[in-house]
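Below, chains carry the letters A, B, ... as their sequence lines are ordered, and counting in each starts from 1.
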Amino acid sequence: MNHIPDEMVSLLIESTQQVFETMVCQPLGSKTPIEGNALRPRSNVVGTVAFTGDRCGMVAFYSTTETAARIAGAMLGIPAAEVNGEVADAIGEITNMIAGTLRTRMNDSGSRWAISVPTVTIGSDFYTTYVSDVRRALCPFTMSEGDEVFVELILTENN
Amino acid sequence: MRFLVVDDSTTMRRIIINTLNKAGYQDCGEAANGRAGLERLAESGADLVITDWNMPEMGGIEFIRAIRANAATRELPVLMVTTNAAKDDIVEALKAGISSYIVKPFTPDTIKQKIEALLAR
(Lines give C-alpha, C1' and ligand atoms only; values in the text may rest on other atoms or scores of the structure.)
Protein backbone atom coordinates (compact mmCIF):
# COMPACT_ATOMS: atom_id res chain seq x y z
CA MET A 1 0.00 0.00 0.00
CA ASN A 2 1.33 3.47 -0.92
CA HIS A 3 2.12 6.11 1.64
CA ILE A 4 0.32 9.41 1.86
CA PRO A 5 2.38 11.98 -0.10
CA ASP A 6 4.78 13.85 2.17
CA GLU A 7 3.52 17.16 0.76
CA MET A 8 -0.01 16.44 2.01
CA VAL A 9 1.22 15.53 5.48
CA SER A 10 3.34 18.70 5.62
CA LEU A 11 0.38 20.81 4.53
CA LEU A 12 -1.82 19.15 7.16
CA ILE A 13 0.74 19.97 9.87
CA GLU A 14 1.02 23.58 8.68
CA SER A 15 -2.77 23.93 8.45
CA THR A 16 -3.24 22.61 12.00
CA GLN A 17 -0.57 24.91 13.40
CA GLN A 18 -2.09 27.91 11.60
CA VAL A 19 -5.58 27.17 12.97
CA PHE A 20 -4.30 26.80 16.53
CA GLU A 21 -2.08 29.87 16.46
CA THR A 22 -4.90 32.02 15.07
CA MET A 23 -8.06 30.69 16.75
CA VAL A 24 -6.78 29.05 19.96
CA CYS A 25 -3.85 31.47 20.47
CA GLN A 26 -1.59 28.51 21.15
CA PRO A 27 1.53 27.51 19.25
CA LEU A 28 1.57 23.78 18.46
CA GLY A 29 4.75 21.75 18.44
CA SER A 30 4.64 18.88 15.96
CA LYS A 31 6.19 15.43 16.34
CA THR A 32 7.05 12.87 13.69
CA PRO A 33 3.91 11.65 11.86
CA ILE A 34 2.98 7.99 12.27
CA GLU A 35 2.06 6.22 9.03
CA GLY A 36 -0.18 3.18 8.76
CA ASN A 37 -2.47 1.45 11.21
CA ALA A 38 -0.42 1.81 14.37
CA LEU A 39 -2.30 2.10 17.66
CA ARG A 40 -4.62 5.12 17.64
CA PRO A 41 -4.33 7.74 20.38
CA ARG A 42 -6.40 7.42 23.54
CA SER A 43 -9.04 10.11 23.11
CA ASN A 44 -12.58 10.90 24.17
CA VAL A 45 -13.32 13.57 21.60
CA VAL A 46 -13.00 12.94 17.87
CA GLY A 47 -13.89 15.50 15.19
CA THR A 48 -14.10 14.38 11.57
CA VAL A 49 -14.55 16.12 8.23
CA ALA A 50 -14.79 14.03 5.06
CA PHE A 51 -13.69 15.26 1.64
CA THR A 52 -14.27 14.15 -1.93
CA GLY A 53 -13.08 15.23 -5.37
CA ASP A 54 -9.62 14.74 -6.83
CA ARG A 55 -8.81 13.18 -3.45
CA CYS A 56 -11.23 11.32 -1.18
CA GLY A 57 -10.81 10.73 2.51
CA MET A 58 -11.13 12.30 5.89
CA VAL A 59 -9.44 14.62 8.37
CA ALA A 60 -9.84 13.52 12.01
CA PHE A 61 -8.96 15.45 15.17
CA TYR A 62 -8.39 13.60 18.48
CA SER A 63 -8.08 14.90 22.03
CA THR A 64 -9.03 14.08 25.58
CA THR A 65 -12.14 15.69 27.08
CA GLU A 66 -9.98 17.91 29.32
CA THR A 67 -7.87 19.16 26.43
CA ALA A 68 -10.97 19.75 24.31
CA ALA A 69 -12.43 21.90 27.10
CA ARG A 70 -9.19 23.94 27.28
CA ILE A 71 -9.30 24.43 23.49
CA ALA A 72 -12.97 25.48 23.58
CA GLY A 73 -12.28 27.86 26.48
CA ALA A 74 -9.37 29.47 24.65
CA MET A 75 -11.51 29.96 21.54
CA LEU A 76 -14.37 31.49 23.51
CA GLY A 77 -12.21 33.55 25.85
CA ILE A 78 -13.48 31.80 29.00
CA PRO A 79 -11.78 29.49 31.55
CA ALA A 80 -11.90 25.78 30.68
CA ALA A 81 -13.83 25.16 33.91
CA GLU A 82 -16.67 27.33 32.60
CA VAL A 83 -16.95 25.43 29.32
CA ASN A 84 -20.16 23.46 29.45
CA GLY A 85 -21.94 22.40 26.29
CA GLU A 86 -19.58 24.08 23.83
CA VAL A 87 -16.95 21.33 23.43
CA ALA A 88 -18.53 19.48 20.52
CA ASP A 89 -19.24 22.63 18.55
CA ALA A 90 -15.75 24.05 19.18
CA ILE A 91 -13.96 20.84 18.19
CA GLY A 92 -16.20 20.55 15.11
CA GLU A 93 -15.21 24.07 14.12
CA ILE A 94 -11.50 23.37 14.74
CA THR A 95 -11.70 20.23 12.57
CA ASN A 96 -13.62 22.15 9.91
CA MET A 97 -10.98 24.88 9.79
CA ILE A 98 -8.09 22.39 9.62
CA ALA A 99 -9.76 20.49 6.76
CA GLY A 100 -10.76 23.74 5.02
CA THR A 101 -7.26 25.19 5.25
CA LEU A 102 -5.79 21.93 3.91
CA ARG A 103 -8.35 21.99 1.09
CA THR A 104 -7.37 25.54 0.14
CA ARG A 105 -3.65 24.72 0.19
CA MET A 106 -4.20 21.58 -1.91
CA ASN A 107 -6.35 23.59 -4.31
CA ASP A 108 -3.39 25.92 -4.84
CA SER A 109 -1.50 22.92 -6.24
CA GLY A 110 -4.40 21.89 -8.49
CA SER A 111 -6.25 19.33 -6.33
CA ARG A 112 -9.94 20.21 -5.99
CA TRP A 113 -12.14 18.83 -3.22
CA ALA A 114 -15.41 19.48 -1.49
CA ILE A 115 -15.56 18.98 2.27
CA SER A 116 -18.43 17.79 4.45
CA VAL A 117 -19.87 19.41 7.54
CA PRO A 118 -17.99 18.28 10.67
CA THR A 119 -19.16 15.52 12.99
CA VAL A 120 -17.93 15.11 16.55
CA THR A 121 -18.02 11.94 18.67
CA ILE A 122 -17.62 12.24 22.44
CA GLY A 123 -17.41 9.19 24.68
CA SER A 124 -15.08 6.51 25.99
CA ASP A 125 -13.91 3.04 25.03
CA PHE A 126 -14.60 3.50 21.33
CA TYR A 127 -12.33 2.74 18.42
CA THR A 128 -12.51 4.18 14.90
CA THR A 129 -11.92 1.77 12.04
CA TYR A 130 -12.38 1.85 8.27
CA VAL A 131 -14.09 -0.85 6.25
CA SER A 132 -12.24 -0.15 2.99
CA ASP A 133 -8.51 0.05 2.24
CA VAL A 134 -7.21 3.40 3.36
CA ARG A 135 -3.88 5.13 3.84
CA ARG A 136 -3.42 6.86 7.17
CA ALA A 137 -0.98 9.39 8.59
CA LEU A 138 -1.35 10.44 12.22
CA CYS A 139 0.27 13.74 13.21
CA PRO A 140 0.93 14.27 16.94
CA PHE A 141 1.08 17.80 18.34
CA THR A 142 1.89 19.24 21.75
CA MET A 143 0.25 22.38 23.11
CA SER A 144 2.18 24.86 25.24
CA GLU A 145 1.03 23.37 28.57
CA GLY A 146 1.81 19.83 27.49
CA ASP A 147 -1.63 18.77 26.22
CA GLU A 148 -1.39 16.41 23.28
CA VAL A 149 -3.70 16.51 20.28
CA PHE A 150 -3.60 14.37 17.14
CA VAL A 151 -4.73 15.08 13.60
CA GLU A 152 -5.07 12.22 11.15
CA LEU A 153 -5.28 12.29 7.38
CA ILE A 154 -7.04 9.30 5.84
CA LEU A 155 -7.07 8.73 2.08
CA THR A 156 -9.14 6.09 0.36
CA GLU A 157 -7.06 3.71 -1.74
CA ASN A 158 -8.42 4.81 -5.14
CA ASN A 159 -6.62 8.20 -4.78
CA MET B 1 -24.93 50.19 14.44
CA ARG B 2 -26.67 46.80 14.27
CA PHE B 3 -24.91 43.61 13.23
CA LEU B 4 -26.35 40.23 12.30
CA VAL B 5 -24.00 37.22 12.65
CA VAL B 6 -25.17 34.10 10.80
CA ASP B 7 -23.29 30.85 11.40
CA ASP B 8 -24.38 27.33 12.34
CA SER B 9 -21.48 27.10 14.82
CA THR B 10 -22.32 28.67 18.18
CA THR B 11 -18.58 28.86 18.85
CA MET B 12 -17.93 30.89 15.73
CA ARG B 13 -20.90 33.20 16.42
CA ARG B 14 -19.54 33.87 19.91
CA ILE B 15 -16.00 34.48 18.65
CA ILE B 16 -17.27 37.00 16.10
CA ILE B 17 -19.66 38.69 18.54
CA ASN B 18 -16.90 38.88 21.20
CA THR B 19 -14.69 40.57 18.62
CA LEU B 20 -17.45 43.02 17.68
CA ASN B 21 -18.17 43.79 21.35
CA LYS B 22 -14.47 44.48 22.04
CA ALA B 23 -14.42 46.78 19.01
CA GLY B 24 -17.28 48.77 20.58
CA TYR B 25 -20.20 47.28 18.62
CA GLN B 26 -22.70 46.03 21.20
CA ASP B 27 -25.86 45.56 19.12
CA CYS B 28 -25.32 42.09 17.64
CA GLY B 29 -28.06 39.68 16.62
CA GLU B 30 -27.41 36.10 15.59
CA ALA B 31 -28.93 33.30 13.55
CA ALA B 32 -27.94 29.67 12.88
CA ASN B 33 -28.58 29.56 9.13
CA GLY B 34 -29.61 31.69 6.18
CA ARG B 35 -33.33 31.11 6.61
CA ALA B 36 -33.22 32.21 10.25
CA GLY B 37 -31.02 35.11 9.15
CA LEU B 38 -33.66 36.32 6.68
CA GLU B 39 -36.28 36.15 9.43
CA ARG B 40 -34.07 38.22 11.76
CA LEU B 41 -33.49 40.77 9.01
CA ALA B 42 -37.23 41.07 8.36
CA GLU B 43 -37.94 41.47 12.08
CA SER B 44 -35.22 43.83 13.21
CA GLY B 45 -32.99 44.73 10.27
CA ALA B 46 -29.21 45.20 10.38
CA ASP B 47 -26.56 47.62 9.17
CA LEU B 48 -24.07 44.87 8.37
CA VAL B 49 -24.37 41.09 8.01
CA ILE B 50 -21.57 38.61 8.71
CA THR B 51 -22.30 35.13 7.37
CA ASP B 52 -20.75 31.70 7.07
CA TRP B 53 -20.94 29.77 3.77
CA ASN B 54 -21.73 26.15 4.68
CA MET B 55 -24.85 25.98 6.82
CA PRO B 56 -27.86 23.64 7.03
CA GLU B 57 -31.31 24.62 5.69
CA MET B 58 -30.04 27.68 3.84
CA GLY B 59 -26.35 28.21 3.14
CA GLY B 60 -24.51 31.51 2.83
CA ILE B 61 -24.65 31.80 -0.96
CA GLU B 62 -28.42 31.29 -1.09
CA PHE B 63 -28.80 33.68 1.86
CA ILE B 64 -26.85 36.43 0.07
CA ARG B 65 -28.81 35.92 -3.15
CA ALA B 66 -32.04 36.35 -1.15
CA ILE B 67 -30.67 39.55 0.45
CA ARG B 68 -29.74 40.96 -2.97
CA ALA B 69 -33.12 40.00 -4.45
CA ASN B 70 -35.00 42.04 -1.83
CA ALA B 71 -35.24 45.78 -2.52
CA ALA B 72 -35.15 46.51 1.23
CA THR B 73 -31.79 44.77 1.73
CA ARG B 74 -30.21 44.98 -1.72
CA GLU B 75 -27.53 47.46 -0.62
CA LEU B 76 -26.81 45.84 2.76
CA PRO B 77 -23.07 45.19 3.31
CA VAL B 78 -22.43 41.45 3.70
CA LEU B 79 -19.14 40.03 4.96
CA MET B 80 -18.59 36.32 4.36
CA VAL B 81 -16.44 34.38 6.85
CA THR B 82 -15.62 30.88 5.61
CA THR B 83 -13.02 28.18 5.13
CA ASN B 84 -13.91 28.10 1.40
CA ALA B 85 -10.94 30.06 0.11
CA ALA B 86 -10.13 28.54 -3.28
CA LYS B 87 -10.22 30.97 -6.22
CA ASP B 88 -13.41 29.38 -7.59
CA ASP B 89 -15.08 29.80 -4.20
CA ILE B 90 -14.27 33.50 -4.04
CA VAL B 91 -15.54 34.04 -7.59
CA GLU B 92 -18.80 32.25 -6.72
CA ALA B 93 -19.26 34.33 -3.58
CA LEU B 94 -18.57 37.58 -5.43
CA LYS B 95 -21.09 36.63 -8.11
CA ALA B 96 -23.68 35.95 -5.38
CA GLY B 97 -23.17 39.49 -4.11
CA ILE B 98 -20.85 39.48 -1.09
CA SER B 99 -19.31 42.82 -0.18
CA SER B 100 -16.14 41.37 1.36
CA TYR B 101 -14.58 38.06 2.37
CA ILE B 102 -12.61 36.68 5.33
CA VAL B 103 -10.98 33.27 5.37
CA LYS B 104 -11.07 31.15 8.54
CA PRO B 105 -8.89 30.99 10.57
CA PHE B 106 -8.79 34.74 11.15
CA THR B 107 -7.50 37.18 13.75
CA PRO B 108 -9.76 39.71 15.54
CA ASP B 109 -7.81 42.50 13.79
CA THR B 110 -8.73 41.08 10.39
CA ILE B 111 -12.45 41.20 11.23
CA LYS B 112 -12.19 44.73 12.65
CA GLN B 113 -10.33 46.01 9.58
CA LYS B 114 -12.81 44.45 7.15
CA ILE B 115 -15.80 45.82 9.05
CA GLU B 116 -14.34 49.31 9.29
CA ALA B 117 -13.58 49.25 5.57
CA LEU B 118 -17.15 48.15 4.77
CA LEU B 119 -18.71 50.77 7.03
CA ALA B 120 -16.54 53.48 5.50
CA ARG B 121 -17.89 52.81 2.00
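Highest contact tally toward chain A, considering only B/T107, B/T10, B/N54, is held by B/T10 [criterion: heavy-atom pairs under 4.5 Å]. By number of non-hydrogen pairs under 4.5 angstrom with chain B, the leading residue of A/N107, A/V117, A/L76 is A/L76. When each of A/A90, A/G77, A/C25 is checked for heavy-atom pairs under 4.5 Å with chain B, A/A90 comes out on top. In terms of non-hydrogen atom pairs under 4.5 Å with chain B, the most contact-rich of A/M106, A/R103, A/Q18 is A/R103. Most heavy-atom pairs under 4.5 Å with chain A: of the set B/N18, B/T82, B/D89, B/V103, this distinction falls to B/D89. Among B/A85, B/P108, B/P105, the residue making the largest number of heavy-atom pairs under 4.5 Å with chain A is B/P105.
Between B/F3 and B/Y25, the ring planes lie tilted relative to each other; the angle falls in the 30° to 60° range.
For A/E93, the part lying near chain B is the side chain, with the backbone staying farther off; criterion is any non-hydrogen pair under 4.5 Å. Of the atoms belonging to A/I78, it is side-chain heavy atoms, and not backbone ones, that fall under 4.5 Å from chain B. In this structure, the portion of A/I115 lying under 4.5 Å from any heavy atom of chain B is its side chain and not its backbone. At a 4.5 Å heavy-atom cutoff, the contact between B/D8 and chain A is made by backbone atoms alone.
Using a 4.0 Å cut-off between a side-chain N of Lys or Arg and a carboxylate O of Asp or Glu, A/R70 and A/E145 do not qualify as a salt bridge. Between A/R105 and A/D108, no side-chain nitrogen of the basic residue sits less than 4.0 Å from a carboxylate oxygen of the acidic one, so the salt-bridge criterion is not met. A/D89 and B/R14 are not joined by a salt bridge, as no carboxylate oxygen comes within less than 4.0 angstrom of a charged side-chain nitrogen.
In this structure, a donor-acceptor pair under 3.5 Å is absent between the side chains of A/T101 and A/T104.
A/R135 places no side-chain N or O within 3.5 Å of a backbone atom of A/L155 that could act as its donor or acceptor partner.
No side-chain heavy atom of A/V149 sits under 4.5 Å from any side-chain heavy atom of A/I94.
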